[in-house]
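Side chains included, hydrogens not; waters and symmetry mates left out as well; all remaining heavy atoms used.
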Amino acid sequence: MATLSLSCLALPSKLRNLSLIGPSSNQSSTFKSLGFSTNLSHNYLFSNGNLSMRTTERPSRHLSVVCEAAPTKKADSAAKRARQAEKRRIYNKSRKSEIKTRMKKVLEALDVLKKKTDAASEEIVPVEKLIAEAYSVIDKAVRVGTLHRNTGARRKSRLARRKKAVEIHHGWYTPAATVNAV
């Protein structure tokens with residue numbers, strides 16, 4: 001059986017009968033006339049779908065053509081959601097990885113600075129630049145929805161506390177005594 005698919009736009013909208021001329025099994029050049037029933041909706045047949053034609057051999061040695069309406073199927077919404085979720089997952093994964101890398105660099109720089117016995121207060125400046133970059137990446141992740149705002153705040157606070165601990169350790173910062181107001 002041969003299958004032929006035609007575009008619906010190429011056919012007239014008020015098509016009732018279709019006559020095809022071509023070779024049959026006895027080498028004559030006639031096909032039987034193809035009729036569409038009037039109870040079918042022509043809009044359904046030809047606007048949103050394809051008209052597929054299948055040839056079948058009949059005992060009378062005439063070749064007849066059978067038409068089937070095959071409307072194009074819309075994309076499954078669940079499949080589309082799955083594709084979108086996969087794109088977001090990859091995007092968020094890279095952003096979170098960048099955050100972890102930046103935080104790791106800051107924490108390692110602070111650990112090195114804390115272990116130095118003769119560190120100067122000017123050595124904290126490059127670490128502060130790393131902290132500013134980490135803050136920027138964290139804030140962007142919160143803004144686009146990759147991180148929850150509380151998670152972003154917690155991570156920024158972790159960096160600030162670690163920096164403050166290094167400053168206190170070297171004596172570059174002295175916490176003010178808390179005053180209890182009575």
Inset, instruction - Carefully, step by step, assess D111 and V166 under the rule side chain to side chain contact (heavy atoms under 4.5 Å, CB included). - result: CA-CA 8 Å; D111 286 343; V166 170; over 6 Å; no
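- Looking at L107 and L159, their side chains come closer than 4.5 Å, going by heavy atoms from C-beta outward.
- Proximity of K156 to D139: side-chain heavy atoms (C-beta onward) are separated by under 4.5 Å at one or more points.
- The shortest side-chain heavy-atom distance between L147 and N92 does not fall under the 4.5 Å cut-off.
- For T101 (side chain) and S97 (main-chain N/O), a donor-acceptor pair under 3.5 Å exists by modelled atom type.
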Check: residues 113-121 side-chain donor-acceptor pairs under 3.5 Å, at least two apart:
from : atom 1 : to   : atom 2 : distance (Å)
K116 : NZ     : E123 : OE1    : 2.9

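- Considering only heavy atoms from C-beta on, V106 stays 4.5 Å or farther from E133 through its side chain.
- When atom types are taken as modelled, the side chain of H170 and the backbone of W172 share no donor-acceptor pair closer than 3.5 angstrom.
- With a 4.5 Å cut-off on side-chain heavy atoms, R83 and K87 do not count as touching.
- With sequence neighbours excluded, the residues that form a salt bridge (charged side-chain N to carboxylate O under 4.0 Å, His left out) with K163 are E128, E167.
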Inset, instruction - Give the C-alpha distance, both sets of side-chain angles, the deciding distance and a yes or no for side chain to side chain contact (heavy atoms under 4.5 Å, CB included) between K140 and T146. - result: CA-CA 9 Å; K140 284 179 187 174; T146 301; over 6 Å; no
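- The pair R89-E86 meets the salt-bridge criterion, with a side-chain N (NZ, NE, NH1 or NH2) lying under 4.0 Å from an Asp/Glu carboxylate O.
- Between H148 and V142, the shortest heavy-atom distance links the atoms O-CG2, 3.9 Å.
- Expressed to the nearest 0.5 Å, how far CD1 of I131 lies from OG of S136 amounts to 13.5 Å.
- By the 4.0 Å N-to-carboxylate-O rule, R102 lies close enough to E98 to be salt-bridged with it.
- Of all heavy-atom pairs spanning V127 and A109, the tightest one is CG2-CB, 3.9 Å.
- Note that CZ of R154 and CD1 of I138 are 10.5 Å apart. Values are rounded to the nearest 0.5 Å.
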